[in-house]
Amino acid sequence: MVEQAASVDAADRRSGPGGTVRAYRALLGAQARSQTAYRASFLLDLLGNVGATVFDVVTVLVIYGVTRELGGFTLRETLVMVGLSSSAFAVADLLVGNIERLPALVRTGLFDAVLVRPLGTLPQLLLMNLPLRKVSRGVFGVGVLVVALGSAGIDWTPARVALAVVAPLAGVVFFGSIFVATATVSFWWVDSGELANSVTYGGRDFTSYPVTVFDGWFRAAFAYGLGFAFVSYQPALVLLGRADPLGLPPWAGWAAPAVALAAAALATAAWRTGVRHYRSTGS
């Protein structure tokens, strides 16, 4: 068996990028088969995973049950931000959220097995246990965004249509970068899980509301220091045709792709540095 696996790996290396793609496809296929083997259980997991995003929407509805405006924004306007945030986070959590397992792999030394395989370390980690049950959460998040955009009374132009498509995708890249960057801290500080969660899930909650409800250093740090304002708040202002109450120019609403690419570049650099820093439990 070992000799057979070695020959397959060697064949994949000789076949170049095509072999690598087949290896990744095999990992994904194995995960899909294992997670859907018990269909009833998988369907229950699909339904149960919708709950997290549903609660985000319900929380906003409850708040607006006692007030007509929040931070100067109406319910329909805030739901656009909720839709942008929930759809981006849910898809990023599906694709990249599995990186949260990294601290356990580093602590136990199982990360060694990832390093010795002839495949990229990050893609392996993401495909080794891809949580397909979270697909329903992503679908629901996109549904919330579509309904919110349809009910907000937006004056649609070709530019706004393009932004409505690009902004959620940029949000996926941004949240995915945050997942990777915060998980990378575990290469230096193994028990960093709570710190990572405070940024990833805290960022999701932060982007579900208008930035104007926050104040002081907290708003400055999360909204513009870490860039969370460009996930939902700034794009929503452009879509809604509103000026920024905080005084930023209109072009800030179009900066989401640039901010996402910058976050991805920083996360990539952090990951590569962390992998080089890693020392096995046996070394």
Side-chain angles (χ1 to χ4, degrees), residues 46-93 97 134 136-156 160 163-164 167-168 170-172 174-175 178 194 196-248 250 252-253 256:
L46 283 176
L47 294 175
N49 267 274
V50 178
T53 306
V54 170
F55 289 143
D56 291 341
V57 178
V58 170
T59 300
V60 172
L61 295 176
V62 170
I63 292 174
Y64 274 95
V66 296
T67 182
R68 297 184 62 182
E69 289 191 353
L70 185 65
F73 291 85
T74 65
L75 172 59
R76 290 185 177 182
E77 293 171 332
T78 300
L79 284 177
V80 172
M81 301 177 198
V82 174
L84 289 168
S85 173
S86 61
S87 59
F89 184 87
V91 175
D93 190 25
K134 294 183 179 180
S136 58
R137 191 183 302 181
V139 172
F140 183 81
V142 173
V144 171
L145 175 60
V146 171
V147 172
L149 292 175
S151 62
I154 296 174
D155 182 16
W156 290 106
R160 284 178 177 156
L163 182 62
V172 172
F174 181 85
F175 275 123
I178 295 295
E194 293 305 319
N197 290 340
S198 68
V199 179
T200 52
Y201 294 96
R204 177 201 62 187
D205 295 338
F206 183 90
T207 55
S208 297
Y209 300 93
V211 169
T212 49
V213 305
F214 306 101
D215 198 9
W217 68 267
F218 182 78
R219 180 173 67 194
F222 258 78
Y224 302 106
L226 295 178
F228 283 101
F230 299 94
V231 172
S232 59
Y233 175 71
Q234 292 294 341
L237 291 177
V238 174
L239 292 172
L240 296 169
R242 289 197 51 168
D244 186 358
L246 300 178
L248 265 68

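By convention here, the first residue in the shown sequence is residue 1.
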* Asked: Could you go step by step and tell me if Ser85 and Ser232 meet the side-chain hydrogen bond (donor to acceptor under 3.5 Å, both in side chains) rule?
  -> CA-CA 6 Å; Ser85 173; Ser232 59; 5.2 Å; no
* To do: Answer yes or no: is there a side-chain heavy-atom contact under 4.5 Å between Arg204 and Asp93?
  => no
* Residue pair Ala223 / Val211: nearest heavy atoms and the distance that separates them -> CB-CG1, 3.9 Å
* **Minimum heavy-atom distance between Ser87 and Pro168, given as atom pair plus value** => OG-CB, 4.1 Å
* Just by distance, do the side chain of Thr67 and the backbone of Tyr64 share a donor-acceptor pair under 3.5 Å? -> no
* Return the minimal non-hydrogen interatomic distance between Ala164 and Leu149, and the atom names on each side. => CB-CD1, 4.1 Å
* Asked: Got a second to check how far Thr74's OG1 is from Leu240's CG, nearest 0.5 Å?
  -> 8.0 Å
* **Minimum side-chain heavy-atom gap Leu75-Ile63 below 4.5 Å** => no
* Structure fact -> Minimal heavy-atom distance between Leu163 and Pro235, with the atoms involved, is CD2-O, 3.8 Å
* Testing Tyr201, Phe89, Phe214 for ring-ring contact (aromatic ring centres under 6.0 Å, His included) with Phe206, which one passes? -> Phe214
* **Gap separating the CD atom of Glu69 from the OG1 atom of Thr212, nearest 0.5 angstrom** => 10.0 Å
* Under the side-chain hydrogen bond (donor to acceptor under 3.5 Å, both in side chains) rule, collect the residues that match up with Arg76, sequence neighbours excluded. => none
* Do the non-hydrogen side-chain atoms of Leu79 and Ser151 ever get within less than 4.5 Å of each other? -> no
* **Tyr233, Tyr209, Phe174 screened by ring-ring contact (aromatic ring centres under 6.0 Å, His included) with Phe228, the one that passes** => Phe174
* Report yes if the side chains of Pro245 and Phe73 come closer than 4.5 Å at any heavy-atom pair, otherwise no. => yes
* Asked: After noting the C-alpha distance and the side-chain angles of Leu84 and Val231, does the key distance pass the side-chain contact (heavy atoms from CB on, under 4.5 Å) rule?
  -> CA-CA 7 Å; Leu84 289 168; Val231 172; 5.7 Å; no
* Asked: With side chains defined as the heavy atoms from C-beta onward, is the minimum distance between Val60 and Met81 less than 4.5 Å?
  -> no
* **Neighbour count >12 (heavy atoms, 6.0 Å) for atom CH2, Trp217** => no
* Asked: Looking only at heavy atoms, what is the nearest atom pair of Ala152 and Val80, with distance?
  -> CB-CG2, 3.7 Å
* Asked: Where is the tightest heavy-atom contact between Arg160 and Leu239, given as atom of each residue plus distance?
  -> O-CD2, 3.4 Å
* Are Thr78 and Pro210 close enough that some pair of their side-chain heavy atoms sits under 4.5 Å apart? -> yes
